[in-house]
S.K.: 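Supplied in structure tokens, the structure appears directly below.
Atom set for the values below is all heavy atoms of this structure, side chains included, hydrogens, waters and symmetry mates excluded. Numbered from 1 within each chain, the chains take letters A, B, ... in sequence-line order. Small disclaimer: the values here were computed from a predicted structure and weren't measured.
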Amino acid sequence: MTRPLRLDAPVVENRDEGGPHRRLRLRVADWPGFEPGQFVMLSPGARSEAERSDPLLPRPMAVYRAEPCDGGALVEILYKVTGRGTTLLAEARAGERVRMVGPLGRPFPAPPPERPVLLVGGGTGIASLFELAARAADAAPVRVLLGARTAADLMGRGDFEALDLEVGLATEDGSAGRRGLVTELLEEALDRQGAASVYACGPTGMMRRAAELAAAQGGSCCHVSLENTMACGFGVCLGCAVPRRPGGFALVCCDGPVFAAEAVAWAGLP
Amino acid sequence: MTRPLRLDAPVVENRDEGGPHRRLRLRVADWPGFEPGQFVMLSPGARSEAERSDPLLPRPMAVYRAEPCDGGALVEILYKVTGRGTTLLAEARAGERVRMVGPLGRPFPAPPPERPVLLVGGGTGIASLFELAARAADAAPVRVLLGARTAADLMGRGDFEALDLEVGLATEDGSAGRRGLVTELLEEALDRQGAASVYACGPTGMMRRAAELAAAQGGSCCHVSLENTMACGFGVCLGCAVPRRPGGFALVCCDGPVFAAEAVAWAGLP
Amino acid sequence: MGGASVSAPGRVDTRVEMGGVTLRNPVLTASGTFGYGAEFAPFFDLRRIGGLVAKSLTLEPRSGNPPARIAETPSGMLNAIGLENVGVDAFVAEKLPALPEGVPVIASVFETEVDRYAEVCKRLTGVPRVSGLELNASCPHVKSGGIEFGQNARLLATLVRAARRASSLPLWVKLSPNVTDVAEMARVCEGEGADAVSLINTLQALDVDLATRRPVLHNVLGGLSGPAIRPVALRMVWQAARAVAIPICGIGGIVTGEDAVKFLLCGARAVQVGTANYLNPLAALEVAQGIERWAGEHGFPRLADLVGRLEASREGSS
Amino acid sequence: MGGASVSAPGRVDTRVEMGGVTLRNPVLTASGTFGYGAEFAPFFDLRRIGGLVAKSLTLEPRSGNPPARIAETPSGMLNAIGLENVGVDAFVAEKLPALPEGVPVIASVFETEVDRYAEVCKRLTGVPRVSGLELNASCPHVKSGGIEFGQNARLLATLVRAARRASSLPLWVKLSPNVTDVAEMARVCEGEGADAVSLINTLQALDVDLATRRPVLHNVLGGLSGPAIRPVALRMVWQAARAVAIPICGIGGIVTGEDAVKFLLCGARAVQVGTANYLNPLAALEVAQGIERWAGEHGFPRLADLVGRLEASREGSS
Ligand SMILES: Cc1cc2nc3c(=O)[nH]c(=O)nc-3n(C[C@H](O)[C@H](O)[C@H](O)COP(=O)(O)OP(=O)(O)OC[C@H]3O[C@@H](n4cnc5c(N)ncnc54)[C@H](O)[C@@H]3O)c2cc1C
Ligand SMILES: Cc1cc2nc3c(=O)[nH]c(=O)nc-3n(C[C@H](O)[C@H](O)[C@H](O)COP(=O)(O)OP(=O)(O)OC[C@H]3O[C@@H](n4cnc5c(N)ncnc54)[C@H](O)[C@@H]3O)c2cc1C
Ligand SMILES: Cc1cc2nc3c(=O)[nH]c(=O)nc-3n(C[C@H](O)[C@H](O)[C@H](O)COP(=O)(O)O)c2cc1C
Ligand SMILES: Cc1cc2nc3c(=O)[nH]c(=O)nc-3n(C[C@H](O)[C@H](O)[C@H](O)COP(=O)(O)O)c2cc1C
Ligand code: FES
Ligand code: FES
């Protein structure tokens, strides 16, 4: 597993992507590389010369992608401004530094070549899938299904469309692609293609439905990436535990965030 | 007394004045005007969209000057970066907003015309004297005596020199004006001029010595502007109390910050 | 999410009956953080908040501690003022008349002996502008008095009994958080006839100035207040609310209307805004407006319906 | 200002003898905030800190509370993990061997009954890598166990006595801050033969999620930690240090070396870094380096000379 770093990374850009979405690019010297589905912990806001202890906890953010850049890498995060931490993160300016710990977490397993790959993303969960899509594209036929309430919420849509693979869209208001839920697209794709490797990240209900559909389609396998509030991100606070099947708890940060769908106790998720 | 405001004032500029010194200019609609020696409470750092409760307390800062500007005023603060709050304040950028409460406090009494006026400033205390100097210049002959460790610490020196009055300088390392203490300049001025209205703001030791010199010079009067940690700035927390002569306590924020030198119990100051 | 039927804030009934005192809305200002009230007149019309609790009063005027009296801490502040106050008689003669009509005033009482407490209560009884009394049995930074009363059940009972005998005014008792079992202290007050309990006062604390290697406060020990203590205050209010039937006034780190709503849900019928008044002289007014807005937006036409409505069953609380 | 004779940090003697355990420097990591240690190996060489206190252990493995287990508060965090742990036997068999040689390990013990506590202590005694025991008598969020022991002097005495009988290892007792008189609890531990006391554990607290109108934590009540509680921790360490002769391990909101120096001045011989480990996996190492730097710059060649040196005389402390 890649060895995580802790550093205060200079902000190269923190761009407005429309609506509540932002694209943050951090320069990270000796970045160890990462696997699809891994994440970093980012402390809210830019680091000031003066210490501030509120807000206290770092925020988990998927590594969207990382481009090599003189020795290190430009690590990219695609995020949505939802509360205090992300509001402060959005105020960080180029040249300022943001504390980062990572890469962390268990990645998505590489899709076996024999089966087609279906990626199902919703909301901010879309960000966790981009690197997987980019890498899987070479190995197996990949279809990306993205869903949101409305077109504007389709985070990173353009990046996926720029990849050499099929992208299906669904919005609840019909403003982009099919009017309806992304899981309806998944259902049709599974009917059409048969057994597939399904990877889902997004709202719990969406992932749960995706898992059911994959299970119903014999020979498919399904992996989901879960979210939970985190304090550390590397397995020491035990704060991110979610119930696992058949029993007990799993830590989202280090047993996950990626789990085989069968191991998830959906009813008990926060 | 001018009625204080509470507002989030837009930063017009927050300029580096060399070394640890900064010049902050805030646009304040319906500024009620102020008297020399009054101050405002500024919350550290720019106000974010997201609330932060650390650091919690606002910082007292003298109103350096205020220029009328469409309806309201541009309120200017000359400050030194010393700790957490002022470090964060120095990071506030044009267009951001800073919370301000004020103007607050009892001002310097206007100098009586019959006597010459001697202003003695040291360190950040210099900022409390500029408006007094500017106004007194019309009424009576004014001499400003500024002291610091070294030339670079002479906050606002150029502004005083631009006024039509005499400016005497003293630095401990001799890098500007007389090598020595500003109170030595005061002593000579009093010897030369006789009774004067003395106004002092700066380190406690300096103000105490100024008060002694004025007392020794029959017919002189001396006012000093004190500092103390404040939570509110308008007399309700009772946190800024300093011992007064003959007994009891005075509140720096509303009984002062300006006090007649005789009323100050120098030994008991924080 | 509580059907967010956005109704105009104006349509919310904010009145509360708080231990014998009727308040326009549930927001008071906490003792020692609002002066004697008049200091805030330049900032807003005091009649727009529920009422104010004045600085604690003693029989004679007291002059308090030498500096330093306050210091900043992470998301909080430390204080050891030493209960400086003008004394009960000057309060009645000079401070009360300076307040606008129509603002309920709760007089806070502090003393070092039971009979002196009782005497201050007597002197305040029958004074037209005094709507009620709050016994400060919980001052964590004065050696004599407060701390022993608020931290010892027997002493607290004696104190409340004496005050109850001394005055017919609505009697609130302000509890110390520096105890093992705050619910027990609340029960003691209820048992002795208190009309309400207010909590919490400051947490006893200390900080060090590394430059001098001395305590930051002259008094060495001080009281911690501000947002930092809010989760402790919410816990104690929740525990007290489950222990007694008399109304509870929630105090501790309240800055916004949302903060205050949390206290109501935990069982407080009214709240007091303290430290926030320093940072923002309009804080109490904004908290009152914020509660009303929240209630309107979340479909609670009567604030009374929010009190104690925390869904605290373990099942599904995650 | 304490003659700031800037001497090279390397010249400071940082060794401390802590209740029968010798530490390279006075910085340990607090139980429950450092996992079983190995998780931090990617970030720094564990032999560079004084030692680690492992996650509290019970007789059998425990699986802890359902989510939500943690939440953020002003300058702090709330937790109700429910003392999830691998159990004492798995700790000895699997976790200890994973740690590098030369890191003193203090095993933290938690149970629901005195004899079970004693049994866990027994099983840890004689295990080569265990340098000492810390009795967690102060867990504020588990109904059974911790809270009663740490909040009741008689129960605490019984517990410490049993643990003392069960093991010859250096015995530290970790105190609860949710008490009226922490000094009394420290005295009880000293009286029953404890070699040191550690304080503070978390402050019992609660926060509300307004979106659901439920407690933020599934467990309803949780423990407050982080910088917000530091002034309360410093106060309690100062009070305990004046009450007992055994060494004290200071805990609560330590983020920097300067924070830690404050604890030493208040009377702690060593400190533990907790919540800060989450925000910054290098926190404990940086605290150790920061203490050494501060001591070097302020002319203290031996850290031992800082312990309890707070100038707390009222005169001139302002
Ligand atoms: C493994 C992982 C990867 C993620 N990747 C992304 C991403 O690439 N882009 C993106 O926009 N978001 C991502 N998220 C969600 C992101 O962490 C939250 O949106 C963020 O923490 C919200 O912080 P806040 O302070 O703005 O919100 P607030 O609601 O103010 O946060 C309050 C507390 O709750 C926590 N919290 C709130 N929502 C979430 C959530 N959904 N997941 C975890 N913790 C939460 C915060 O971290 C904080 O501790 C990811 C979450 C996880 C667990
Ligand atoms: C009436 C008055 C007018 C002032 N005018 C100016 C001015 O025009 N320009 C300027 O540079 N400075 C001025 N000061 C000093 C200024 O308030 C402090 O430098 C500032 O508060 C330091 O804050 P900090 O967070 O950077 O320092 P820190 O040391 O981190 O502050 C910690 C706490 O101590 C308080 N504090 C520290 N030093 C002082 C001090 N000297 N006076 C009051 N509180 C202090 C802070 O407000 C804060 O609450 C004035 C002070 C007073 C009382
Ligand atoms: C500077 C200061 C002075 C205080 N004086 C008193 C007092 O005289 N009587 C009293 O009962 N409480 C006093 N308190 C406690 C507050 O009323 C309140 O209980 C406490 O600060 C917690 O609320 P907060 O966090 O909103 O400030 C004082 C608090 C502060 C900060
Ligand atoms: C998530 C979490 C889990 C904890 N688990 C334990 C534990 O198992 N045993 C224990 O004695 N203390 C436990 N603590 C308390 C810490 O060891 C420490 O006493 C407390 O957090 C105060 O220190 P801090 O402010 O530096 O975190 C835990 C604290 C946190 C935040
Ligand atoms: S976030 Fe700390 S263990 Fe997972
Ligand atoms: S600063 Fe609050 S009374 Fe002076």
S.K.: Do you know which of B:S43, B:A231, B:C240 has the most heavy-atom pairs under 4.5 Å to chain C?
M.R.: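 The residue among B:S43, B:A231, B:C240 with the greatest pair count is B:A231.
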
S.K.: Rounded to the nearest 0.5 Å, what separates atom CZ in B:R6 from atom CD in C:E286?
M.R.: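 Between B:R6 CZ and C:E286 CD, I get 4.5 Å after rounding to 0.5 Å.
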
S.K.: From B:T229 OG1 over to C:M77 CE, what is the distance, rounded to the nearest 0.5 angstrom?
M.R.: 10.0 Å

S.K.: Compare all side-chain heavy atoms of B:P58 with those of C:Y278 and state whether any distance is below 4.5 angstrom.
M.R.: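 No, every pair of side-chain atoms sits at 4.5 Å or beyond.
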
S.K.: Do B:N228 and C:P67 have side chains that approach each other closer than 4.5 Å (heavy atoms only, starting at C-beta)?
M.R.: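 Touching, per the 4.5 Å side-chain cut-off.
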
S.K.: Contact part of C:T73 toward chain B, heavy-atom cut-off under 4.5 Å: side chain, backbone, both or neither?
M.R.: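 Only the backbone of C:T73 comes within 4.5 Å of chain B.
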
S.K.: Tell me, do B:C237 and C:N79 make a side-chain contact under 4.5 Å, heavy atoms counted?
M.R.: no

S.K.: Taking side chain as everything from C-beta outward and backbone as N, CA, C, O, which of these in C:P42 sits under 4.5 Å from a heavy atom of chain B? Side chain, backbone, both or neither.
M.R.: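 Backbone plus side chain of C:P42, per the 4.5 Å heavy-atom cut-off to chain B.
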
S.K.: In terms of heavy-atom pairs under 4.5 Å, which option from B:P55, B:P243, B:G235, B:G248 contacts chain C the most?
M.R.: B:P55

S.K.: Fit a plane to each ring of B:F234 and C:F40, take the angle between them on a 0 to 90° scale, and name the class: parallel (under 30°), tilted (30 to 60°) or perpendicular (over 60°).
M.R.: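 The rings of B:F234 and C:F40 stand perpendicular, inter-plane angle above 60°.
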
S.K.: With rounding to the nearest 0.5 angstrom, report the SG to CD distance, B:C232 to C:E39.
M.R.: 8.5 Å

S.K.: Using heavy-atom distances under 4.5 Å, tell me whether C:A41 contacts chain B through its side chain, its backbone, both, or neither.
M.R.: backbone

S.K.: Using 0.5 Å steps for rounding, measure from the OG atom of B:S53 to the CG atom of C:L279.
M.R.: 9.5 Å

